[in-house]
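Okay, structure first, notes after.
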Amino acid sequence: SPHLELQDLRKEYSERVTAVDGLSLSLSRGELLVMVGPSGCGKSTTLRCIAGLEDPSSGHIRIAGDSVVDRPPEARNIAMVFQNYALYPHKTARQNIGFGLRMTTNLPGETVRERVEDAAETLGITDLLEKKPASLSGGQQQRVALGRAIVRDPDVFLLDEPLSNLDATLRSEMRTEIQTLQRELNVTTVYVTHDQTEAMTIGDRIAVLRDGRLQQLGTPMSCYHEP
Ligand code: ADP
Ligand code: ADP
């Protein structure tokens with residue numbers, strides 16, 4: 001049975017703008033699905049609906065068989081990583097990683113601390129924990145954003161163009177890191193990108209979106225088109 005399931009998902013922002021137009025997708029547990037397609041085809045909106053940052057106009061979203069559309073974001077156990085990292089500028093890496101966990105659970109401070117340190121160790125940023133985002137490189141900020149996501153031990157991991165602000169070298173390095181992390185955690189993942197290389201190398205399957213609809217779904221090889 002699918003772990004993450006979208007069924008006929010639809011999001012209309014207005015009478016004229018249908019961002020997602022009847023999208024159905026199923027991911028098995030631990031699968032990494034890459035979502036590609038031109039700008040404006042509904043990729044971000046789809047992720048934001050799954051995360052609970054937008055209310056779908058209609059359709060179903062289920063995790064392990066349970067409908068989540070009526071749950072607020074903090075009750076979904078979904079972690080999302082944004083293109084711009086969305087770190088709090090006045091908080092240290094430690095506070096950035098732990099903040100969500102502190103706010104949405106009643107775990108004791110000591111447990112939060114341990115989990116933050118475990119996440120930091122996994123990402124190799126232990127020595128950066130007392131620094132603020134402005135004093136970190138792009139790749140380091142990205143690792144903090146990933147730390148904030150994995151510290152919650154999420155059921156579902158959503159990545160929205162996570163590498164587009166990095167240079168080419170760092171991009172391929174981080175791509176490998178994310179892939180390794182995703183496999184280790186065995187977390188069901190939707191990864192949005194417009195980068196063909198990223199799409200071809202990172203995913204188990206690729207979903208190609210067009211005008212809010214699924215245009216193609218398949219393995220990286222079956223979806224490859226000569227540019
Ligand atoms: P993508 O991530 O593939 O670039 P988006 O999901 O961001 O696509 O956008 C899909 C469509 O919805 C676009 O036409 C976009 O302009 C529109 N859209 C996105 N967010 C909003 C919003 N908050 N209000 C109105 N229209 C939006
Ligand atoms: P996009 O790249 O899709 O145009 P942005 O990156 O500007 O959108 O912002 C994504 C959305 O996520 C914004 O609506 C913002 O309010 C929200 N957001 C920002 N930081 C966080 C966070 N730490 N956790 C959850 N949502 C956040």
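Every number for a ligand or one of its atoms is a count from 1 in the order of the listing. FYI, side chains are in, hydrogens and waters are out, and symmetry mates aren't considered; it's all heavy atoms of this structure.
Of the N and O atoms on the side chains of R10 and T18, not one donor lies less than 3.5 Å from an acceptor on the other residue.
In this structure, G42 is part of the shell of residues with a heavy atom less than 4.0 angstrom from ligand 1.
By the 6.0 Å contact criterion, CD on E121 is open, its count of non-hydrogen atoms from other residues, nucleotides or ligands being 12 or less.
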Could you walk me through whether Y13 and V20 pass side chain to side chain contact (heavy atoms under 4.5 Å, CB included), step by step?
-> CA-CA 9 Å; Y13 283 109; V20 182; over 6 Å; no
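Those atoms of ligand 1 that come under 4.0 Å of a heavy atom in K43, given as number and element, are 1 (P), 2 (O), 3 (O), 4 (O), 6 (O), 8 (O). Close approach of ligand 1 to T45 is summarised as follows: ligand atoms under 4.0 Å from at least one heavy atom of the residue are 5 (P), 6 (O), 9 (O).
Residue contacts with ligand 1 for V17 involve side-chain atoms from C-beta outward but no N, CA, C or O (heavy atoms, distance under 4.0 Å).
Looking at K43 and D160, no side-chain N of the basic residue comes within less than 4.0 Å of a carboxylate O on the acidic one, giving no salt bridge. Looking at E173 and R143, a side-chain N of the basic residue comes within less than 4.0 Å of a carboxylate O on the acidic one, giving a salt bridge.
Ligand 1 has an N or O atom lying under 3.5 Å from an N or O atom of C41, backbone or side chain. Residue contacts with ligand 1: S44 is placed with a nitrogen or oxygen under 3.5 Å of a nitrogen or oxygen of the ligand (distance criterion only). Taking any N or O of A19, backbone or side chain, none lies under 3.5 Å from an N or O belonging to ligand 1. Remark: ligand 1 and T46 share no N or O pair separated by less than 3.5 Å (distance only, no angle test).
Across all their heavy atoms, L107 and R115 have their closest contact at CD1-NH1, 3.5 Å.
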